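Working notes, structure below.
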Amino acid sequence: MYQIKYTTDINSEIYHDSLNIRTTVFVKEQNVPEDIEIDKLEDHCTHFVLYDDQTPMATARFFVTEDNGIHVQRVAVLKEYRQKHLGSKLLKYIFDFAKKENYQYVILGAQDHAQMFYTKLGFKVVGEQYKEAGILHHDMKLEL
């Protein structure tokens with residue numbers, strides 16, 4: 001049975017589970033430098049982890065924007081759990097969380113190879129292509 005937990009405490013087990021997933025996916029698989037992956041926003045974000053029993057499988061984080069939206073970042077699913085719709089489950093949970101808190105929209109920087117995934121969730125491209133950590137991205141937005 002899947003369970004989603006979240007925290008703003010960077011000393012918590014949930015945060016460390018999130019960081020382990022991010023390190024595996026972004027630093028080890030995608031060669032993102034660790035000093036870019038782990039940034040100064042860590043303690044300003046709400047960190048989410050999807051678990052199966054006690055096994056952490058997927059993560060994402062967000063911070064609140066100045067105009068009452070949320071900026072989702074660091075969406076990652078461990079390789080052995082991909083193609084099981086866990087990223088969608090996690091993001092839909094975050095969308096529901098954001099709606100309950102009366103946030104107006106979700107914005108994120110999508111790696112170009114993942115744009116179709118976000119489009120299926122209702123996001124639309126809202127900017128020019130850019131490179132972050134050597135990977136091509138587009139900003140995408142979802143109105144809540």
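One-based numbering along the sequence shown. Quick caveat: nothing in here was measured; it's all calculated off a predicted structure.
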### Query
Is Leu19 reachable from Met57 through a run of hydrophobic residues whose side-chain heavy atoms are each under 4.5 Å from the next?
no
### Message
Does either side chain, that of Gln129 or that of Asp112, offer a donor lying less than 3.5 Å from an acceptor on the other one?
### Response
yes
### Query
Going by heavy atoms in the side chains, are Gln73 and Leu41 under 4.5 Å from each other?
yes
### Message
Walk me through whether Phe117 and Phe123 qualify under ring-ring contact (aromatic ring centres under 6.0 Å, His included).
### Response
CA-CA 9 Å; Phe117 167 76; Phe123 283 86; 8.7 Å; no
### Task
State, yes or no, whether a side-chain contact exists between Thr55 and Tyr81 at a heavy-atom distance under 4.5 Å.
yes
#### Entry: Least distance between heavy atoms, Glu42 atom then Ile10 atom
O-CG2, 3.6 Å
#### Entry: Charged N-O contact under 4.0 Å between Lys84 and Asp52
no
### Task
Give a yes or no answer on whether the side chain of Asp9 reaches the backbone of Asn11 with a donor-acceptor pair at less than 3.5 Å.
yes
### Query
Can you hop from Tyr105 to Leu108 via hydrophobic side chains spaced under 4.5 Å?
no
### Query
Got a second to check how far Phe97's CZ is from Phe48's CZ, nearest 0.5 Å?
4.5 Å
### Task
Indicate yes or no: at least one non-hydrogen side-chain atom of Val125 is less than 4.5 angstrom from one of Tyr118.
no
### Residue list, salt bridge (charged side-chain N to carboxylate O under 4.0 Å, His left out) with Glu143, at least two apart or on another chain
Lys141
### Message
Looking at Glu80, I want to see if its CD is surrounded by more than 12 non-hydrogen atoms of other residues, nucleotides or ligands under 6.0 Å.
### Response
yes
### Query
Is the count of non-hydrogen atoms from other residues, nucleotides or ligands lying under 6.0 Å from Gln83 atom CD greater than 12?
no
### Query
Crowded around Lys5 NZ? As in, over 12 foreign heavy atoms under 6.0 Å?
yes
### Message
So, taking the atom named CZ in Phe26 and the one named CD1 in Ile21, what distance separates them when rounded to the nearest 0.5 Å?
### Response
10.0 Å
## Note on the structure
CG of Leu144 to CD of Glu101, rounded to nearest 0.5 Å, is 12.0 Å
### Message
With a 4.5 Å cut-off on side-chain heavy-atom distances among I, L, V, M, F, W and Y, is there a chain of contacts connecting Met140 to Ile107?
### Response
no
#### Entry: Heavy-atom pair with the smallest gap, counting every atom of Gly109 and Tyr130
CA-OH, 3.3 Å
### From CD (Glu29) to NZ (Lys79), nearest 0.5 Å
5.0 Å
### Message
Would you say that Ile94 contacts Val106 through its side chain, given a criterion of any heavy-atom pair below 4.5 Å between the two side chains?
### Response
no
### Validation row: Val49, Glu13 side chains within 4.5 angstrom (heavy atoms)
no
### Message
Determine whether Arg82 and Val25 satisfy the following criterion, side-chain contact (heavy atoms from CB on, under 4.5 Å), listing intermediate values before the conclusion.
### Response
CA-CA 11 Å; Arg82 293 180 191 153; Val25 172; 3.6 Å; yes
### Query
Which heavy atom of Pro56 sits nearest a heavy atom of Leu78, and at what distance?
O-CD1, 3.5 Å
### Message
A quick test of your reading: do over 12 heavy atoms of other residues, nucleotides or ligands sit less than 6.0 Å from NE2 of His85?
### Response
no
### Query
Under 4.5 Å between any side-chain heavy atoms of Leu91 and Val72, yes or no?
yes
### Query
Does one side chain, of Thr65 or Asp67, offer a donor that lies under 3.5 Å from an acceptor on the other?
yes
### Message
If I take atom NE2 from residue His138 and atom CD from residue Gln111, how far apart are they, to the nearest 0.5 angstrom?
### Response
13.0 Å
### Task
Examine Tyr15 together with His47 and report whether their ring centres are nearer than 6.0 Å.
yes
### Query
If Ile, Leu, Val, Met, Phe, Trp and Tyr residues are connected whenever their side-chain heavy atoms lie under 4.5 Å apart, and connections chain through other members, are Val126 and Leu142 in the same group?
no
### Query
Taking side chain as C-beta onward, heavy atoms only, is Tyr51 less than 4.5 Å from Ile14?
yes
### Query
Okay, side chain of Arg22, backbone of Thr59: is any donor-acceptor separation there less than 3.5 Å?
no
### Message
Using only atom types and a distance under 3.5 Å, with no angle test, would you say the side chain of Glu34 pairs donor to acceptor with the backbone of Val32?
### Response
no
### Task
Give the minimum heavy-atom separation between Val75 and Ala60, together with the two atoms involved.
CG2-CB, 3.9 Å
### Task
Decide yes or no for Tyr2 and Leu86: does some side-chain heavy atom of the first lie under 4.5 Å from some side-chain heavy atom of the second?
yes
### Task
Mark yes or no for whether His137, through its side chain, and Ile135, through its backbone, hold a donor-acceptor pair below 3.5 Å.
yes
### Task
Look at the side chain of Arg74 and the backbone N and O of Glu37, then say whether any donor-acceptor pair between them is shorter than 3.5 Å.
yes
### Side-chain donor/acceptor of Gln30 to backbone N/O of Val27, under 3.5 Å
no
